[in-house]
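Heads up: the structure comes next, in structure tokens.
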Amino acid sequence: QVQLVESGGGLVRPGESLTLSCTASGFTLANFAIGWFRRAPEKEREGILCISSDRSSSYYSDSVKGRFTISRDNAKNTVYLQMNSLNPEDTAVYYCAAPITGEHYCSGYTFDESDYWGQGTQVTVSS
């Protein structure tokens, strides 16, 4: 059974950092493009970053450039989202997703509800 599990969320103060993890089971994550998304209260889901199987990354959101990075540890079947200089606007539930098609590359791929999604992890940035 294909499953993605996000972890690492929590409550932090503005300016602090968090690292989120997306761990896969039931498939080899190394072969997949993996995307990170978030949904803030009363807002649409927003794409953040995507990492391809060759470790190249693509930003979906200009608001996180220079603050967020994505990486993968294939030995642990895990993709990470490193978030620095967090601000209250980053408060959201964060999700990772893998293409149901098994797509290797982020470029040209559009994630939708048919893909594999985790259950999300809450990140709250507040003083």
Side-chain angles (χ1 to χ4, degrees):
Q1 181 181 356
V2 172
Q3 190 174 16
L4 293 170
V5 178
E6 301 94 339
S7 61
L11 172 63
V12 296
R13 297 180 186 275
E16 293 185 340
S17 299
L18 269 179
T19 301
L20 305 184
S21 300
C22 170
T23 300
S25 60
F27 70 102
T28 301
L29 186 144
N31 298 331
F32 286 69
I34 300 295
W36 277 101
F37 299 78
R38 65 185 180 186
R39 187 191 300 273
E42 301 182 359
K43 291 188 177 181
E44 295 292 317
R45 186 174 62 206
E46 174 190 23
I48 305 172
L49 272 165
C50 182
I51 186 166
S52 299
S53 58
D54 65 357
R55 302 179 187 273
S56 61
S57 60
S58 304
Y59 281 93
Y60 291 141
S61 172
D62 288 340
S63 68
V64 304
K65 285 183 178 179
R67 300 189 299 123
F68 291 13
T69 57
I70 190 171
S71 62
R72 63 196 311 154
D73 185 335
N74 293 333
K76 295 183 178 180
N77 224 27
T78 298
V79 168
Y80 302 99
L81 182 67
Q82 175 66 43
M83 306 186 295
N84 299 325
S85 301
L86 286 161
N87 60 61
E89 289 69 41
D90 296 315
T91 295
V93 179
Y94 284 71
Y95 302 88
C96 62
I100 196 170
T101 60
E103 176 60 51
H104 297 323
Y105 297 102
C106 302
S107 178
Y109 189 81
T110 301
F111 288 86
D112 62 29
E113 297 306 320
S114 67
D115 293 311
Y116 301 116
W117 293 84
Q119 82 292 345
T121 186
Q122 175 71 47
V123 172
T124 302
V125 185
S126 175
S127 56

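Here the structure is a predicted model, which means the values were calculated and not measured. For this chain, numbers begin at 1 and follow the sequence in order. FYI, side chains are in, hydrogens and waters are out, and symmetry mates aren't considered; it's all heavy atoms of this structure.
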Evaluate salt bridge (charged side-chain N to carboxylate O under 4.0 Å, His left out) for E89 paired with K43, printing each intermediate quantity in order.
CA-CA 11 Å; E89 289 69 41; K43 291 188 177 181; over 6 Å; no
Please determine which of V123, D90, T121, L20 meets the side-chain contact (heavy atoms from CB on, under 4.5 Å) test together with R38.
D90
How long is the span from the OG atom in S126 to the CG atom in L86, to the nearest 0.5 Å?
12.0 Å
How far apart are the closest heavy atoms of P99 and D115, and which atoms are they?
CA-OD1, 3.3 Å
Residue pair R45 / R39: nearest heavy atoms and the distance that separates them:
N-NH1, 3.6 Å
Quick one about Q122 and T124 (side-chain donor to acceptor, distance below 3.5 Å, no hydrogens or angles considered), yes or no?
yes
Going by side-chain heavy atoms closer than 4.5 Å, which hydrophobic residues are tied to Y95, directly or by a chain of links?
F37, Y60, V93, Y109, F111, W117
Is there a continuous path of hydrophobic side-chain contacts, each under 4.5 Å between heavy atoms, that joins I48 to Y105?
no
So N74 and R55, side-chain contact (heavy atoms from CB on, under 4.5 Å) or not? Walk me through it.
CA-CA 10 Å; N74 293 333; R55 302 179 187 273; 3.3 Å; yes
Any side-chain donor-acceptor pair under 3.5 Å between S61 and S63?
yes
Roughly how far, to the nearest 0.5 Å, is OG of S71 from CD of Q82?
8.0 Å
Using residues 1-13 as the side-chain source, report each donor-acceptor pair under 3.5 Å to any protein atom, sequence neighbours left out, with the distance given to one decimal.
unit_1 : atom_1 : unit_2 : atom_2 : d
E6     : OE1    : Q119   : N      : 3.0
E6     : OE1    : G120   : N      : 2.8
E6     : OE2    : C96    : N      : 2.8
E6     : OE2    : G120   : N      : 3.4
R13    : NH1    : S127   : O      : 3.4

Is there a continuous path of hydrophobic side-chain contacts, each under 4.5 Å between heavy atoms, that joins Y80 to F68?
no
R72 side chain to S52 main-chain N or O, any donor-acceptor pair under 3.5 Å?
yes
Rounded at 0.5 Å granularity, tell me how far OG in S17 sits from CG in N84.
3.5 Å
Atom pairs and distances, side-chain donor-acceptor, residues 23-35, under 3.5 Å, sequence neighbours left out:
unit_1 : atom_1 : unit_2 : atom_2 : d
T23    : OG1    : T78    : OG1    : 3.0

For W36 and C22: C-alpha separation, side-chain torsions, deciding distance, then whether side-chain contact (heavy atoms from CB on, under 4.5 Å) applies.
CA-CA 9 Å; W36 277 101; C22 170; 3.5 Å; yes
Separation between CG (L81) and CG (L18), nearest 0.5 Å, reads 9.5 Å
